[in-house]
Structures are given as C-alpha cells and as structure tokens.
Enquirer: 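Pasting a structure here, questions to come.
Note that these values count all heavy atoms, side chains included, but never hydrogens, waters or copies made by symmetry. A, B, ... follow the sequence lines: proteins, then strands. Residue 1 opens every chain. All figures in this text were calculated on a predicted structure; none of them were measured in a lab.
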Number of protein chains: 2
Amino acid sequence: MSESNKYFISENNVPFKQEFQFGLSVDCVVFGYQEGQVRVLLIERNADPYKGSWALPGDLVSLNEDLEHAANSVLNKLTGLKDIFMEQFHTFGSVNRHPAGRVATVAYYSLVKSSNYHPVASAWASSIQWFDIRELPDLAFDHKVILEKGIRTLQRSVQYRPVGFELLPLKFTLSELQALYEALLGFKFDKPNFRKKILGMNLLTSLDEVQENVWHRPAKLYKFDEGRYRSLRDVGFTFDITLKSS
Amino acid sequence: MSESNKYFISENNVPFKQEFQFGLSVDCVVFGYQEGQVRVLLIERNADPYKGSWALPGDLVSLNEDLEHAANSVLNKLTGLKDIFMEQFHTFGSVNRHPAGRVATVAYYSLVKSSNYHPVASAWASSIQWFDIRELPDLAFDHKVILEKGIRTLQRSVQYRPVGFELLPLKFTLSELQALYEALLGFKFDKPNFRKKILGMNLLTSLDEVQENVWHRPAKLYKFDEGRYRSLRDVGFTFDITLKSS
DNA sequence: TCAAAAGTGTTCCGAATACACCCATGC
DNA sequence: GCATGGGTGTATTCGGAACACTTTTGA
C-alpha cells in the first residue's frame, strides 16, 4: 500500500505523495433555542456543488490554518457570528461524500443564545435560517448524517455541561429552563422535583426581577452563576439533571 | 480565502485546489488490561520521520479507503490484530504536527482482551509492546497528546459502555472486575457495595467454576451476558458503575 | 490454627419520587 | 370568581454508604 505511493510534483517543485491529495473541511452545527424549539442554523448554498440546497455552514480548511480557527472563521464568514466556542464531535470521511474529490470533514457543534446573535448570510450563503431540529429540510452532502450525530452529541452533553444556561438568554425563568430540557431530551419532568434539583446545585442566582407582560402570576428571573460552575467543575462535579420522566 | 485558491496540475492532468494537498491519517489507541495495569499498544518506528521512537500504530489513509477501514487495516498491518472494533474519538489537525506536510489524523480507540491477541510487529514497526498508561515513553509526533485524550475518553466511556467486560478475559472473578475499574478510574471501591451493584445489573452469568491454583478461598468465575446487555441498552439503559471511592 | 481473600447481611442516610396544595396575576 | 401557570411542602421509597461479619482455601 504505502510502498506503491505515486509522487506528484507541484508547481513550486515540492514533491508530495498521492495521499497528500485530501481536502479537509470543517462543518459547524450551531444550536439555538427559542419558544420551545431546539434549532440549528443552516445556510442556503449559492455555489456548486449542491447550489440551492440547505447545508451546514462549512468550508475547506486552508493549509496553514488550524482546525479550531477554521471552524470559527468559516462560521463568521458565512453567518457573521463571532467568537463562538465550538467543540469538535466527529470526523466524516467516506470516500464519496464530496463530489469534488476526497474531502474529510471535521464537525463542530456549539450552543448559542440565539437572542444575542443575529446571523447574516454572506459569502456563498444566499440565505440563512434557524430550523427546528424536528423539521429539517433535505441537506447537501452527508450533512443530514452529520447533523443527526450532532443532535445525539448535544443530548448526551446535557449530562456534563450546563447546556441550559448556554442556550437560554441571560435572564430566564425556571419553567423556561425546564421546557428547554424537556425539548432537548424529549420527555417531561415533574415540576417540583426539577426545581428542587436545579436549585440544590446552587448554580443559579435569583434576580430581584420578575417576568413582565404575562397574564398569569409572573415568574422570578434567574441567571447562571458561571463562577460557581467553574469551581465545581474543577472539583470533578458533573452536571447531571437526569430526573425520571413524568 | 477560497477566492485565492491556487490550482495545481497532477501528473495525470487532473487539476486540484491548493487545499487538496492534505494528508489524512489514522492513529489507533488500543487498550488492554493485565495484572492490575491498564495498558496501551505502541510500536517502535522503523521509518522516518521519528525513526526509533515509540508511536501509536497509524498510517496515512489512501484516497479510496474509508476511515474505519483504514484504522483496522493499519492496525492489522502493524500488529497483526484483526477485526477489532474501534471507535473514533478525536481528530488532530494542527498545522505543524507532521514534518512531511499538513497531515490531519483521526484517532480511534479500542478495547481488547489482551490475552486473546498476540501482536506481532511488521511493516515499519520494528517492535511492539504493551505499556502501562502510567509509565509511557516519549512518543513521536503529537502522539502523547492523542494518547492522553484517548485515556480521558476511556475513563469517560466507563459510564456508558461495559468496558470491564471488553477488557477482561471471558471468565473472570468479581475481584478482577473491581480491580479493573479501580485501575481505570484511579480510586478504590467498597467490596460489598461493588458486588451488589454489579450483580444487581444482571449482566453477569455465574459459571459453575472457580479459580484454580490460588492459595486462598477460590473465587467464583463469571462471564458477561452480552445478549442481556444489548437488550437493556436498546431500552436506554446506561451502564453506570460510579460508586464513591472508599 | 492462621493468613488472606471470598462472600454476605444489616443499618443508616440522603436523594429521588409522587403527590397535594397554596399563590399571584389578568380577565 | 376563575383560569392559568408560578411556587412550596411532605410522606414514601429506593439505592448508595459504611461497616461488621462469616466462609473457604492453602500453608
């Protein structure tokens, strides 16, 4: 196998192996949450291949660029989003996944407070839109598979990372937090028990504010105590909110 | 960025972008367990770069080969191990991680019953050896970083996959199982509680055999009930043996 | 009979569960 | 008042933690 490598000569006279003809790309699964829906950010491609299709924001990595940097800059280029923390979750490298040649793609996911970010289509994205993860359009390449794996990763990450606070706006009610977990995991919790458990973690700071413009008793607003989360995490705390479904 | 792509012409007149000059490789972190030690399989490289260094078994992927296939065939080529289930855990793609050019590597890990497999060095592996994960030599490339991430992945996977049964021989005692978990996680369990928990899962079948050639009361031998594991897993069961350290 | 490890039983405690119930607001 | 969702309290159950204890073997 490696004994039979063909060598090619590039324009600038650098020899390289046959194997050095891979493309490498990154694809970003950006999750948001609004009105009871877990959403993902997709772009409509305005370039071949798959022109006109919906796709994950992604692009080829350039030769002198680290993967994390590529993920962030691609996302910025296509959507305007900036300084998003992204976590790698899987690499997809089937032989025929890309029509232009052998391209492996490293998939990242991230969680954003969608109220804080206002994606704007640019580069070869003709439009951009949040989609409910239960109502996805057809996707370019193997992006359906990537996205599905990303969703499973998100659901699993609930156990060791405070996804609730990453997806909700700065101020939120306990019911909103509960609704988010229910949407993520697909089942319901018992309200009193959920509240007890979440408050028992001491990760929430109660604000002296309440909801406004609601036609029922207004709920208290809370915010996430990130400092406390960090110190707990460093001691080996795992954020586990797995209550029984109700 | 992508607007300024240079195109190269290969020998057989196929144009390809500058970005299509990546190398892609796979590296395998093979875990075994013996005599209280969690071990990993390393090869001594008999080829440049890093000739003479210890390294993870790995190689460039060829253009017409899927990643999973590459991982298995590379491992087979270097060590003789065959049909090992491997799971991808991370891709490493720093710009300068490989001296020969831009090579991203997809890392896989697997768990083997080391008593069943007898690795034999071949290809560019001049020797091959199990190393206790607490006493690792210097490693080629960024393999130290890869291996450390692999170890963390293994420790985390304890929670959702029956690593105990994948690493131990077919027949084992409960004390052996406990010792394995203690070695993996780095702390001790209370014996009665460990036994209760593990037996309570009904994943073990008690055999009508006992240890031999021991100078104390011989322990019963058990085997893993894989069928039962599968049916439980499909119902959403997570294998969680996290007891408090003693 | 002793050492060493196998193996069992029991109490205690805290956290999850399954509820019932009260509270504040707009209409 | 009443509908609606916010918010609280409590008895019960279950499983983990702690620890004492018995059993079986070889030497």
Enquirer: Atom CD of B:Glu212 and atom P of D:dT25: how far apart are they, to the nearest Å?
Expert: 12 Å
Enquirer: Give the B/S/- string for nucleotides 3-11 of chain C, one per nucleotide from 5' to 3', where a protein heavy atom under 4.0 Å of the base yields B, of only the sugar-phosphate yields S, and otherwise -.
Expert: -BSBBBBB-
Enquirer: For residues A:Gln37 and A:Arg134, report the shortest heavy-atom separation together with the two atoms involved.
Expert: CG-NH2, 3.9 Å
Enquirer: Parallel, tilted or perpendicular: which describes the rings of B:Phe187 and B:Phe189, with under 30° parallel and over 60° perpendicular?
Expert: perpendicular
Enquirer: Measure up the B:Phe31 and B:Tyr109 rings against each other and bin them: parallel (under 30°), tilted (30 to 60°), perpendicular (over 60°).
Expert: perpendicular
Enquirer: Which salt bridge (Lys or Arg N to Asp or Glu O under 4.0 Å) pairs, counting each pair once, include a residue from residues 137-162 of chain B, with sequence neighbours left out?
Expert: B:Glu87-B:Arg161, B:Arg97-B:Asp142, B:Arg161-B:Glu166
Enquirer: Find the distance B:Asn202:CG to D:dG15:C1' and express it as a whole number of Å.
Expert: 15 Å
Enquirer: How long is the line joining CG of A:Asn213 and P of C:dA24, in whole Å?
Expert: 20 Å
Enquirer: Rounded to the nearest Å, what distance is computed from the CZ atom of residue A:Phe194 to the P atom of nucleotide D:dT8?
Expert: 14 Å
Enquirer: Fit a plane to each ring of A:Phe92 and A:Phe89, take the angle between them on a 0 to 90° scale, and name the class: parallel (under 30°), tilted (30 to 60°) or perpendicular (over 60°).
Expert: perpendicular
Enquirer: Rounded to the nearest angstrom, tell me the gap between atom CD in A:Gln178 and atom C1' in D:dG7.
Expert: 12 Å
Enquirer: With distance as the sole test, does A:Ser122 use its side chain to make a donor-acceptor pair with the main-chain N or O of A:Lys77 at under 3.5 Å?
Expert: yes
